[in-house]
2 protein chains.
Amino acid sequence: MEKMSDKAEPAPTASAKPTVRTISRLAGVSPSTVSRALKGDPRISEKTRAVVTALAAEHGYTPNAMARGLVTRTSGVVGIVLGDMKNPFYAELFESLHERLAAIGKYPMLLHVGGETLDSEGIKPIQQYQMDGCIIAAARLSSKAAATCATNQLPMVMINRVARIHSCTVSCDNYAGGVMAGELLIGAKHQRIAFIAGREDTSTSEDRESGLRRALRKAALDLVGWSRGHYTYEGGFAAAEELLATSRPDAIFAANDIMALGAIDAIYKRGLRIPDDISVIGFDDIRQARWRHYELTTIAQPVEAMITRALALLVERMENPDLSGESISIQGEVRLRKSARLPVELSAD
Amino acid sequence: MEKMSDKAEPAPTASAKPTVRTISRLAGVSPSTVSRALKGDPRISEKTRAVVTALAAEHGYTPNAMARGLVTRTSGVVGIVLGDMKNPFYAELFESLHERLAAIGKYPMLLHVGGETLDSEGIKPIQQYQMDGCIIAAARLSSKAAATCATNQLPMVMINRVARIHSCTVSCDNYAGGVMAGELLIGAKHQRIAFIAGREDTSTSEDRESGLRRALRKAALDLVGWSRGHYTYEGGFAAAEELLATSRPDAIFAANDIMALGAIDAIYKRGLRIPDDISVIGFDDIRQARWRHYELTTIAQPVEAMITRALALLVERMENPDLSGESISIQGEVRLRKSARLPVELSAD
DNA sequence: GAAAATTGTGCAATCGTGTGCGCTACGAGT
DNA sequence: ACTCGTAGCGCACACGATTGCACAATTTTC
């Protein structure tokens, strides 16, 4: 028996890793009291709480997240799936997302990034790490990730994508944004309007296009050109070159900013002036849209608002997993810059 | 006693979460056998291993990472501290980093992003989640993160920053890169060379400047202008405006690409031609440097190689924490584009 | 002044997995 | 026939924290 009696202090090295037991011994209380004291349980007296928190601070003790996660069954980790990071829109979104998650004590674990679909390796961590939730910010959904979330009953919110399956969604009102862009161009008396689409099978691109077409139809116009730009600068550049060569548009609406910037450079390459010869409108309002060479008129996505709502939905569902799916769409906002002619009623000012 | 005898099957809902015990019961073996079978322990016969792996696959069983982490004391999580994501360089780097980590079965958890220093909340997860390692990719080091890694004996590698403290570092050879840029400009017969610096207290900016000065000195020249651009587009723009107004340079070397792009737009704003009136050279080779309007001549950072070496260092130190610090610096590569005049010996071709 | 209510703590089980050590069974060696 | 070696597997504990319940100490109540 005495062999086991005090295995208590085997450590000559002062403090390997302080555990709850380390603190409890120093404070002369039980581990449970330490645990409760640190998380603000009201049953613990202020006196002992003070002692415990002081000791914890002194020794740099923080509860081990894995041990806690094992028993509470929540890890504090939120999985993130991101669209292409080469698009600054997602990079900026991710930065905000990280800050807002940190504010509610959650940490983001990047599961996947890039447009391609997710292999089964990529989604393993969702169950391995008992994630509390998952945020998918990508125009194209890897349906596998969504399925994994669903079978694991994991709260999931998609940003910037309208769901085909039953779940939570926060996005910019892409249709309305498309209408705005269309009305802006029509208001500036453009007649020959062309569209540059994003990647195939993305609801964002499709909805923005529908909105544009709606506005055109209302003005008894039709698209004079359509090309695909794959949501990249190079794609937008090539698409614009094609449009310029074939359909001679006097205005181009690109489904996102990166493509619009490519289109602008293609237009300049052809020796045309912006906006005198051609107007260009984008969608997103990334930082580069403000660069002096571009001064891109665009429909700004309300990124901060979208994140706010997405996290609210996620938190609700972490507390009550039985809540049903909900879709939120937030209006974008026109940012008038110099890449598009102003509507006549405004330019009168 | 019979109350506890078989608490075994309380679940009418078929499979809540399969655990090692679920599989072990189905296979008719002990949990330890399941554990060993799945991780390839040679002591388990091929027959039982086949049974176990089949059952695991059928029920979608994967070991719980938290429980495993608790006992093995390794979480499979690597902490990431990133510089400003508004700089596309870091966004691109992060994307690669994620892929390479996934390939070795590690997952990235973003601890902090952005230039500001880390508060103590931000570094908590390092010890909470028992991270296996930490990668700091930022020009400015939050020394707090480094200190936390050091006291926790956590393997840490810094990318793109030369350490002041004893640790591992992988970076581009910024000094040599500065020399290259200088020689390029001097070879093109530039006489009035100015420099746009990054943020204060960043070794990257300082080393690139030193290299430039070295090349100039060798040619008996001196800098005609110096301004700070804070590693942003707007900063580079403003810095260039100041330089143009005061020191009339015929070439500008900016400490990174984003500032160089801002400088280019400032130069055009003033009605000057590039490279006829002024050459511009950047550093990094971000995607935007290839955009048609800019065609930026720059020193490319070998991002993939840097990540390869950084992960190698990290993995070594995860296996053997006592290895000492090591610094690796990799040569950058000149990318000749159109924003800078070619050296005479090249333009003769 | 005894019983009851209240307050503050400790005990012990639990989460799911990994691992040192011991046990069984089987074939071989003498 | 007895021992020995080996292959294959299970027992039981550890990892570090949380939490329901029991319990001791103190105060309140009649």
Side-chain angles (χ1 to χ4, degrees), chain A residues 3-4 7-8 10-11 15-25 27-52 56 59-76 124 127-130 132, chain B residues 1 3-4 7-8 10-11 15-52 56 59-76 124-125 127-131 152:
Chain A
K3 195 167 55 179
M4 304 190 67
K7 192 94 185 305
S15 56
K17 300 268 180 187
T19 80
V20 67
R21 194 155 284 131
T22 318
I23 306 297
S24 78
R25 270 197 287 261
V29 296
S30 79
S32 24
T33 301
V34 172
S35 170
R36 288 193 256 253
L38 289 178
K39 54 175 10 191
D41 191 310
R43 297 180 306 178
I44 302 297
S45 71
E46 280 309 317
K47 205 176 62 181
T48 54
R49 186 194 312 285
V51 172
V52 168
H59 292 264
Y61 168 74
T62 315
N64 180 320
M66 324 206 95
R68 165 187 291 171
L70 198 52
V71 47
T72 62
R73 312 177 94 77
T74 65
S75 58
K124 260 189 185 165
Q127 40 176 337
Q128 284 186 316
Y129 287 92
Q130 300 268 51
D132 296 350
Chain B
M1 281 182 79
K3 196 167 56 179
M4 306 189 65
K7 192 96 183 302
S15 56
K17 301 267 180 188
T19 81
V20 68
R21 195 154 280 131
T22 318
I23 305 298
S24 79
R25 269 197 288 262
L26 291 170
V29 297
S30 79
S32 24
T33 300
V34 172
S35 170
R36 286 194 255 253
L38 289 178
K39 55 175 8 194
D41 190 309
R43 295 182 307 178
I44 302 298
S45 71
E46 280 309 316
K47 204 175 62 181
T48 55
R49 186 196 311 286
V51 172
V52 168
H59 294 262
Y61 167 73
T62 316
N64 180 319
M66 325 205 95
R68 164 187 290 171
L70 195 52
V71 48
T72 62
R73 314 177 92 79
T74 64
S75 58
K124 260 189 186 168
Q127 40 177 336
Q128 285 185 314
Y129 286 93
Q130 300 267 51
M131 298 205 169
N152 288 39

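All values below come from the heavy atoms of this structure, side chains included, with hydrogens, waters and symmetry mates left out. First the proteins, then the strands, lettered A, B, ... as listed; each starts at 1.
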Check your understanding: Nearest 0.5 Å, what's the CZ-OG1 distance between R49(A) and T33(A)?
Key -> 11.0 Å
Check your understanding: When the distance from CE of M66(B) to C1' of dG16(C) is rounded to whole Å, what number comes out?
Key -> 11 Å
Review point. What's the shortest heavy-atom distance between S24(A) and S30(A), and which atoms?
Key: CB-C, 3.7 Å
**Study point:** For A27(A) against V51(A), the heavy-atom pair lying closest together
**Key:** CB-CG1, 4.1 Å
**Study point:** Selection from dC15(C), dT17(C), dA17(D) that lies nearest to any side-chain heavy atom of V71(B)
**Key:** dT17(C)
Review point. Quick one: K39(B) NZ to dG18(C) C1', roughly how many Å, whole number?
Key: 6 Å
Point to revise | Rounded distance [0.5 Å steps], CE in M66(B) versus OG1 in T74(A) | key: 8.0 Å
Study note, to complete from the structure: In short, S35(B) meets V20(B) closest at the heavy-atom pair N-CG2, 4.3 Å
Point to revise | Interatomic distance where CD belongs to Q130(A) and P belongs to dG16(C) [whole Å] | key: 8 Å
Study note, to complete from the structure: Closest non-hydrogen atoms of Y61(A) and L38(A), given as atom of the first, atom of the second and distance, are CE2-CD1, 3.5 Å
Practice item. Return the value, rounded to whole Å, for the distance between atom CZ of R68(B) and atom C1' of dG16(C). Key: 11 Å
Review point. Are OP1 or OP2 of dT17(C) and a side-chain N or O of Y61(B) less than 4.0 angstrom apart?
Key: yes
Practice item. Give the angle between the helix axes at the two ends of the helix from dG1(C)-dC30(D) to dT30(C)-dA1(D), taking five base pairs at each end and rounding to 10°. Key: 60°
Check your understanding: Quick one: Q128(B) CD to dT18(D) P, roughly how many Å, whole number?
Key -> 10 Å
Check your understanding: What integer distance in Å separates N64(A):CG from dG16(D):P?
Key -> 7 Å
Review point. For dG16(C), does either OP1 or OP2 sit under 4.0 Å from a side-chain N or O belonging to R73(A)?
Key: yes
Check your understanding: Atom CZ of R21(A) to atom C1' of dG16(D): distance rounded to whole Å?
Key -> 8 Å
Study note, to complete from the structure: Minimal heavy-atom distance between T62(B) and Q127(A), with the atoms involved, is OG1-NE2, 3.8 Å
Review point. Got a sec, which residues hit salt bridge (Lys or Arg N to Asp or Glu O under 4.0 Å) with R36(B), two or more places apart in sequence or on another chain?
Key: none
Review point. Where along residues 41-52 of chain B does a heavy atom fall under 4.0 Å from DNA chain C?
Key: R43(B)
Review point. Is any side-chain N or O of K17(B) closer than 4.0 Å to OP1 or OP2 of dC15(C)?
Key: no
Check your understanding: Can you name the salt bridge (Lys or Arg N to Asp or Glu O under 4.0 Å) partners of R68(A), sequence neighbours left out?
Key -> none
Check your understanding: Which residues in residues 29-38 of chain A have at least one heavy atom lying under 4.0 Å from any atom of DNA chain D?
Key -> S32(A), S35(A), R36(A)
Practice item. Indicate yes or no: at least one non-hydrogen side-chain atom of N64(A) is less than 4.5 angstrom from one of K17(A). Key: no
Revision key, fill the gap. In short, Q130(B) meets S75(B) closest at the heavy-atom pair O-OG, 2.9 Å
Show the distances under 3.5 angstrom between N or O atoms of the protein and N or O atoms of nucleotides 24-26 of chain D.
none

